[in-house]
Structures are given as structure tokens and as C-alpha cells.
Undergrad: 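Let me give you the structure first, and then I'll get to my questions.
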Amino acid sequence: MKKKKKILFMIHSLDVGGAERILLNYIKNISLENKYDISVLTIKKSNSFIYDEINSIADVFSVDSYLEKKILLKSIAKTFYIKKIINQNDVIIDFLDGDFYKYTKSCETKKVVWLHYSYEALSLRKKNLKQKLSSYHHIVTICHTMTKELLDREPLLAGRVSHIYNPFLFDSIDHQSIDLSSLTSQEKYIIDSPYLLTVCRLDESQKDLSTLIKAYCHAKRNNTPLAPLVIVGDGPDAFFLKEMVADLQLQNDIHFIGMKSNPYVWMKNSQAFILSSKGEGLPTVLIEALYLGCNVISSNCKVGPSEILDNGRLGYLFEVGNVEELATLLGNIKKKNFDIENEINIYRPEATINKFNNLIESI
């Protein structure tokens, strides 16, 4: 019997986030085929449903857990441990924008980097990004426009770049979207009435909840009839955003309900879903919201939303940061007509995992 290839996914943590959810979907689908030995290496210890689910089907190694047993020379021990795990595998996948470059740059193991964000935006916060990407055997982007943007800027990387859409577990999304068991009595009251929705990490360095809050306020002050806005998520700017809502006296209209392991029940019952962001890769929540029948409004980031929404055919796009344009859209939400089943085929796991397998076998 042919020996299984050992594949190591590397990511900073398994806390709840978009890339972490995508990794969970990958590992769930790959494990069904029983074709590879899969393991995951993280820096940070995590206590989340994502960690629990991945740990139940794959080996998870945490650098923080390893270092707890060390007293001296922790930086040396950290590098030693990471390289030891890397060298035990046939293929390593630096799954979030090359965060493990310093540990992979000199290793001989076949290595792939996954880019989840616009190359132009990544270049602003990662030094020498071209040099770093050149050290990998293959570069995966998560949509067409990301690949085009990257190769327009770095044509010498041609031949080493391909795109693979994120896999979506639509059957699981269907099941969770009708599961009300985790809702409190107050949440059940909210979900039974009309509401607008956004689901995101409350981090203004990438997202742009402040524009959504200002647009909501602008529409209300122009006497536009609006349903309440529900914000699902948490993050470093939660306090700042709640203070903004209080300053605008919108506490009775905008509800922060925190992080939810099941956002799909909120999507399915919403009047509209809004993504307000400064930059994206391939925003998972837009595809999930479309699948669940939401009317979708999104910032027209340089990469991602326009590809998902087919330049406005499947949903509404507004200029990034344009408060007045978004306020107008909030007051004029109309259903777009299309067959969602035809639109989501490219995101089904069968298509994605087939491309993943071809990649692994080719390097």
C-alpha cells in the first residue's frame, strides 16, 4: 500500500475567525477521503469549538503548550520545536499569509503558502513580501481577482500561483440555520422580528463597522424606516464601537450580541446582511449569507466582494467608507432574482478538494 503523505497546516491559532473556520472545513473534507495524514501546528493555545473539532480528527501541536515545560532559552526552544514538527512532514502549508516564513525559509520540505488577503494590502504590513513568497514552492490565493492582482504586481511568480476557492459545508449550514437551541429568550425575541445583520470580527484595522454605524445613523436621521441592526462578533474594537453607538444615541437600535458559534440562524432570519470592510480576500460570510437567501450589501473592496456578487448582479456594492451611499442602500433593500444553487457550485467541497489534491500531488 502506498504510504500516505504527511501534511502539516500551520496557523497562529485556532481561535474563532474566518481563516480558522476555513481550515476547519478543509480538514473535515480532507479527512473524509483518508488520503493524507493531517496535522496542525499553532503558536497559541486555543479554547474554541474550532480547536475541539479539529483536534477530534487531526493531531494538533501547540508551541505555547510545549514552551510551558521549558524554563530557559524559550526562543531557541520555540524554533527547535517548530522545525522539528516541520521536518516530520512531506508537505507544509503556511495557511495564513506566510506567518511562519521565518521558520520555513530554510527548510527543504515542500511548502505552500495560502494568501487570504489582498496582496497590495498585505504588502503594507509585511516587509519584503515578494522575497518571502518566492521561497515557497507554490502560492495559493482564494479567488481570481487575488491571483490577477498578485501577478500584475509580481509577474515573475507566474507558474507558481493558482487560486482555490474556500470549501463550504452547505449541508451543515442548512442544519445550523434552523437550530434555535442556543438562543436566549431575548435573542429569540430579536430573531422573530425584522432586523439587519452583520457578522464580523470587531477590528477596525480591516473591517469598517464605523462606516456601517454612521450610515445607519444617517439613514435614521433622514427619517428612513429601518429595522434594528444586529452585530454578531467580538474583537479589539468592541468597546470603541459600543461607545460610538452610545454617543449617537442608537443603543435601542443597534445590538451587539457577541461571538456566536452558529451565525447561520441569524443570517437565515435577517432582512439583509451587510459587510462593511476596508479590505478583504474572499469574505466567507458573503457566500454564506447569499446561500441562506439574504439580501446582501457589501463594501466594494479591491478584492473579493465584487467577484462573489458578480459585480452587483447578486447583491449591492458600495464604495469603501462611503457613508451616504450605504445609508441610501439601507433604505432601499430589494430582492435580487437568481438561482443560488447555480451560483454556489464553485464553492462546493468536491470542487475545492479536487483542486487541493491535484496541488499536493503536483509539488
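Values below: every heavy atom of this structure, side chains too, minus hydrogens, waters and symmetry copies. Computed from a predicted structure; not experimentally measured.
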Undergrad: I'd like to know if D152 pairs up with K148 as an ion pair, taking the criterion as any Lys NZ or Arg NE/NH1/NH2 lying under 4.0 Å from an Asp or Glu carboxylate oxygen.
TA: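 A salt bridge is present here (some side-chain N lies under 4.0 Å from a carboxylate O).
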
Undergrad: Where does the angle between the aromatic ring planes of Y136 and Y101 fall among parallel (under 30°), tilted (30 to 60°) and perpendicular (over 60°)?
TA: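 Rings of Y136 and Y101: tilted, 30 to 60°.
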
Undergrad: Against the six-membered ring of Y66, is K78 placed for a cation-pi contact (under 6.0 Å from the centre, within 45° of the normal)?
TA: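 Not flagged: K78 not positioned over aromatic ring of Y66.
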
Undergrad: Look at K268 together with E288 and state whether they make a salt bridge at an N to O cut-off of under 4.0 Å.
TA: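 Not counted as a salt bridge, because no side-chain N and carboxylate O are separated by less than 4.0 Å.
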
Undergrad: Distance alone, cut at 3.5 Å: any donor-acceptor contact between the side chains of E324 and T328?
TA: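 Result is no, nothing qualifies.
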
Undergrad: Taking all non-hydrogen atoms of both residues into account, name the closest pair between I213 and M244 and its distance.
TA: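 Shortest heavy-atom contact: CG2-SD, 3.8 Å.
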
Undergrad: Which word best sums up how the rings of F9 and Y26 line up, parallel for under 30°, tilted for 30 to 60°, or perpendicular for over 60°?
TA: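 If you compare the ring of F9 with that of Y26, the planes turn out tilted.
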
Undergrad: How far apart are the closest heavy atoms of R153 and S123, and which atoms are they?
TA: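 Shortest heavy-atom contact: NH2-OG, 4.1 Å.
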
Undergrad: Just checking, any donor-acceptor pair under 3.5 angstrom between side chains of D208 and S210?
TA: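 Yes, because at least one side-chain N or O of D208 sits under 3.5 Å from a partner of the opposite role on S210.
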
Undergrad: What is the minimum heavy-atom distance between C107 and I92, and which atoms define it?
TA: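 Smallest interatomic distance, heavy atoms only, reads SG-CD1, 3.8 Å.
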
Undergrad: Count I, L, V, M, F, W, Y as connected when their side-chain heavy atoms are under 4.5 Å apart, and connections chain through other members. Are I38 and L32 then in the same cluster?
TA: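 In one cluster with I38: L32, no.
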
Undergrad: Do K355 and E350 sit within salt-bridge range, that is, some charged N less than 4.0 Å from a carboxylate O?
TA: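 Salt bridge absent between K355 and E350.
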
Undergrad: Mind listing the closest non-hydrogen atom pair of L282 and C143 along with its distance?
TA: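 Nearest pair, atom of L282 first, then C143: CD1-CB, 3.7 Å.
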
Undergrad: Check the side chains of S118 and E280 for a donor-acceptor pair under 3.5 angstrom, ignoring hydrogens and angles.
TA: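 No.
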
Undergrad: Taking the six-membered ring for Trp, are H144 and H163 parallel (under 30°), tilted (30 to 60°) or perpendicular (over 60°)?
TA: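 Rings of H144 and H163: tilted, 30 to 60°.
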
Undergrad: Apply the test side chain to side chain contact (heavy atoms under 4.5 Å, CB included) to residues S181 and D179: give CA-CA distance (whole Å), side-chain angles for both, the deciding distance (0.1 Å), then the verdict.
TA: CA-CA 6 Å; S181 61; D179 182 3; 2.6 Å; yes

Undergrad: With a 6.0 Å cut-off on the ring centroids, do Y195 and H255 count as close?
TA: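 No, they do not, as the ring centres are separated by 6.0 Å or more.
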
Undergrad: Does the pair D253/K220 count as a salt bridge with the N-to-O cut at 4.0 Å?
TA: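 A salt bridge is present here (some side-chain N lies under 4.0 Å from a carboxylate O).
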
Undergrad: Let me see the working for N295 and Y316 under side chain to side chain contact (heavy atoms under 4.5 Å, CB included), right down to the final yes or no.
TA: CA-CA 8 Å; N295 299 307; Y316 297 91; 5.7 Å; no

Undergrad: Would you check if the distance from the ring center of Y291 to the ring center of F170 is below 6.0 Å?
TA: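 Yes, the ring centres sit under 6.0 Å apart.
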
Undergrad: Take the angle between the ring planes of F356 and W114 and call it parallel below 30°, perpendicular above 60°, tilted in between.
TA: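 Answer is tilted, since the angle falls between 30° and 60°.
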
Undergrad: Would you say L14 and F100 are hydrophobically clustered, going by side-chain heavy atoms of ILVMFWY under 4.5 Å?
TA: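 No.
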
Undergrad: Which distance, rounded to the nearest 0.5 Å, do you find between the CD1 of I22 and the CZ of F168?
TA: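 With rounding to 0.5 Å, CD1 (I22) is 6.5 Å from CZ (F168).
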
Undergrad: Using ring-ring contact (aromatic ring centres under 6.0 Å, His included), reason through Y264 and H175 one step at a time and then give a plain yes or no.
TA: CA-CA 9 Å; Y264 308 118; H175 175 74; over 10 Å; no

Undergrad: Are the side chains of L317 and S306 in contact, using a 4.5 Å heavy-atom criterion?
TA: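 Yes. Closest side-chain heavy atoms under 4.5 Å.
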
Undergrad: Check I274 against L212 and note the closest heavy-atom contact, atom names and distance.
TA: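 Here I274 and L212 meet closest at CG2-CD1, 3.8 Å.
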
Undergrad: Do K45 and E68 meet the salt-bridge criterion of a basic N to acidic O distance under 4.0 Å?
TA: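 A salt bridge links E68 with K45.
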
Undergrad: Please determine whether ring-ring contact (aromatic ring centres under 6.0 Å, His included) holds for the pair H218 and Y216, giving the CA-CA distance in whole Å, both sets of side-chain angles, and the decisive distance to 0.1 Å.
TA: CA-CA 5 Å; H218 184 81; Y216 188 93; over 10 Å; no

Undergrad: So do the side chains of K105 and Q131 get within less than 4.5 Å of each other, counting heavy atoms only?
TA: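 In short, these two side chains do not touch, never coming nearer than 4.5 Å.
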
Undergrad: Kindly indicate whether the side chain of V60, heavy atoms from C-beta on, has any atom under 4.5 Å from the side chain of Y51.
TA: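 Answer yes - side chains close enough.
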
Undergrad: Any salt bridge between K126 and D99, counting N to O under 4.0 Å?
TA: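 Salt bridge: yes.
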
Undergrad: What are the two closest heavy atoms between R313 and K336, and how far apart are they?
TA: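 Smallest interatomic distance, heavy atoms only, reads O-CD, 3.5 Å.
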
Undergrad: Any non-hydrogen side-chain atom of L115 less than 4.5 Å from a side-chain atom of L133?
TA: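 Yes, at least one pair of side-chain atoms sits under 4.5 Å.
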
Undergrad: Is it true that L96 and F61 fall in one hydrophobic cluster, defined by side-chain heavy atoms closer than 4.5 Å?
TA: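 Each belongs to a different hydrophobic cluster.
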
Undergrad: Does a sphere of radius 6.0 Å around CD in Q249 hold more than 12 heavy atoms from other residues, nucleotides or ligands, not counting ones at 6.0 Å or beyond?
TA: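 No, not enclosed.
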
Undergrad: Is I257 reachable from F240 through a run of I, L, V, M, F, W or Y residues, each pair having side-chain heavy atoms under 4.5 Å apart?
TA: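 Result: no, two separate clusters.
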
Undergrad: Check the side chains of K4 and N34 for a donor-acceptor pair under 3.5 angstrom, ignoring hydrogens and angles.
TA: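 Result is yes, a qualifying pair exists.
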
Undergrad: Is the count of non-hydrogen atoms from other residues, nucleotides or ligands lying under 6.0 Å from Q186 atom CD greater than 12?
TA: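 At most 12 heavy atoms, drawn from other residues, nucleotides or ligands, come within 6.0 Å of this atom.
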
